[in-house]
Amino acid sequence: MVSHVLGAAGATSADDAHAIKRKKAVLCTVVGSSLEFFDFACYAYFATVISHQFFSPTDHATALIASFAVFGIGFVSRPLGAIFFGRLGDLKGRKFALLVALPMMGAATVAIGLLPTYSAIGLAAPLLLVLCRLIQGFSTGGEAGNAVAYLVEWAPPQRRGFYSSFAHATAVSGTLVGSGLAAILSTTLDYASLEAWGWRIPFLFGGLVIAPIGYYLRSKVEETPRYVTAVHDGEIASEANRVDPAWRQCLKAIAFSSVWFVSYYVYMVYVPAFLTLHGHIRGADALWITTAGFVMMVICILAAGLLSDAIGRKPPLLAGAIGFVFFSYPLFLLFLHSTSVLTVLLAILFCNALIGLIAGSCTAAMAEMFPTRLRTTGVSIGYGLSVTIFGGFASVISELLIKLTGSELSPSFFVIATALVSLSVVVTLKETAHKPLVD
């Protein structure tokens, strides 16, 4: 009897200790994930200032285009980082890969904040900026897949959707923090000070504050129990000399997540510019509308993660994709003609609810497609290629479609097309929410 009680107490104590480790793992992973989008927001917000600092001042329009082109270059190296860090996470551990990726990202971010300008070193300035963006993109390519796998493998079986949703909820939160810091600086500093040195502060803050804190926290947590078991059972060692990234599953992951990235980069990156260039909304109002949209997205991502744990991954994915098929055209019609800030705000909130519905269930669905020995490779490649192909060029494609077709509503068809692609793949997926992870 006594031994039974002690055994039960020991089991309870072990469960409590595991729960504490799980909570620490979630916290330490999401801090690092926020750095990616923190930098994204800072660079995008200060693109005009950066163009003046790193490119020839003789042609401001060309300099601005070049500045955005350098931003896009960061997406080009993501697939390479996804392959490298994905494989590293599968062979050496999720924690090890995350500890390598974060300092690399932080160092490149600090370097941007310290780079000499065009007036100081000439052509070397934009070349060094490109190098920093390539390093950031490379490290970011490995961050997403390893973070998702780490969260999914630490999560209780009935909460994998909710836990994995934190990876992207905090990434969006990083955008909010970056935008907020940029807004504070632009409000408190005069333009001369902002252009001279103020724009450097967010990059130095991200690299010298967020990255070291994230690294310290991550160094204090343990590897996922599932990965440790796989190593103990010899599953990882048997794969060391064999690369089998499950390309068919990777292609499925790319296809069914395409609507997620296209909708995000069209509605949250391109539409704010669309509202001022083609619609009737002032730039300041468009910025506040977008900020409110990000808040809605964070809430909906977490809610969708919980929902997918209750009813499965496929229903939220199907609902989100179908929503974009039927509502994208009316939404762009509204964006084009509406003069009401409130109406446009409600429309953007609706868009972000749909995006959150997809993002909150997509991460777990993607991770559950792959076995432990290939999970970070599969998720990293699926995520990295999808965001590069469909997300990184979404704004360019949207504006190019308007120029080619002459229709300001043509970006809606881009969203609809990718939604149909995702829909066709989601219907073929096996439901994985209430099944054990594949070993």
Side-chain angles (χ1 to χ4, degrees), residues 26-27 29-45 144 147 151 161-187 202 205-206 210 259-276 279 281-308 316 319-320 323-324 327-328 331 334-335 338 340-363 387 391 394-395 415:
V26 172
L27 173 64
T29 303
V30 299
V31 169
S33 298
S34 66
L35 178 60
E36 171 193 350
F37 280 83
F38 174 85
D39 169 62
F40 167 87
C42 292
Y43 191 103
Y45 191 89
L151 291 171
F162 181 58
Y163 272 63
S164 65
S165 68
F166 274 93
H168 297 291
T170 52
V172 177
S173 298
T175 303
L176 282 172
V177 174
S179 298
L181 181 56
I184 290 171
L185 289 171
S186 62
T187 301
F205 177 77
I210 297 180
V259 66
W260 170 16
F261 297 114
V262 167
S263 61
Y264 178 89
Y265 283 96
V266 167
Y267 288 109
M268 297 310 294
V269 177
Y270 174 69
V271 162
F274 179 92
L275 291 171
T276 58
I281 302 298
R282 294 186 306 119
D285 291 332
L287 181 61
W288 283 112
I289 287 171
T290 303
T291 301
F294 279 128
V295 175
M296 171 64 82
M297 191 189 302
V298 170
I299 295 170
C300 290
I301 286 174
L302 296 174
L306 281 172
L307 181 66
S308 72
F324 281 118
F327 291 106
S328 288
L331 284 168
L334 184 150
F335 295 150
S338 179
S340 169
V341 173
L342 178 59
T343 301
V344 173
L345 170 62
L346 293 175
I348 288 293
L349 292 178
F350 175 72
C351 291
N352 280 273
L354 289 179
I355 296 171
L357 195 63
I358 296 170
S361 49
C362 195
T363 48
V387 73
S395 296
V415 179

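These values consider heavy atoms only, across backbone and side chains, with no hydrogens, waters or symmetry-generated copies. Positions are given from 1 along the sequence.
- To the nearest 0.5 Å, atom CD1 of residue Ile301 and atom OG of residue Ser164 are 10.5 Å apart.
- Within the 4.5 Å cutoff, the side chain of Ser173 has no heavy atoms near those of the Phe166 side chain.
- Taking CZ of Phe205 as the start and CG of Leu181 as the end, the distance is 6.5 Å to the nearest 0.5 Å.
- Ser361 and Pro316 make their closest contact through OG-CB, 3.5 Å (heavy atoms, listed as atom of the first residue, atom of the second, distance).
- With contacts defined as side-chain heavy-atom distances shorter than 4.5 Å, the pair Ile355/Phe324 qualifies.
- The two residues Thr343 and Ser338 have their closest heavy-atom pair at CB-OG, 3.8 Å.
- No side-chain N or O of Thr363 forms a donor-acceptor pair with one of Tyr163 less than 3.5 Å apart.
- Side-chain contact between Tyr267 and Leu354 is absent, with no heavy-atom pair separated by less than 4.5 Å.
- To the nearest 0.5 Å, atom CG of residue Asn352 and atom CG of residue Leu357 are 12.0 Å apart.
- Counting heavy atoms from C-beta on, the side chains of Trp260 and Val387 never come closer than 4.5 Å.
- When all heavy atoms of Phe162 and Leu306 are compared, the closest pair comes out as CD1-CG, 3.4 Å.
- Rounding to the nearest 0.5 Å gives a distance of 4.5 Å between CZ of Phe327 and CZ of Phe350.
- Note that OG of Ser165 and CG of Leu151 are 9.0 Å apart. Values are rounded to the nearest 0.5 Å.
- The heavy-atom pair separating Leu331 from Cys351 by the smallest distance is CD1-SG, 3.4 Å.
- In this structure, CE in Met297 is found 10.5 Å from CG in Leu349, a value given to the nearest 0.5 Å.
- In terms of heavy-atom proximity, Leu345 sits nearest to Ile289 at CA-CG2, 4.1 Å.
- A heavy-atom distance below 4.5 Å is not found between the side chains of Thr290 and Ile348.
- In terms of heavy atoms, Leu275 sits closest to Ala286 at CD1-CB, 4.3 Å.
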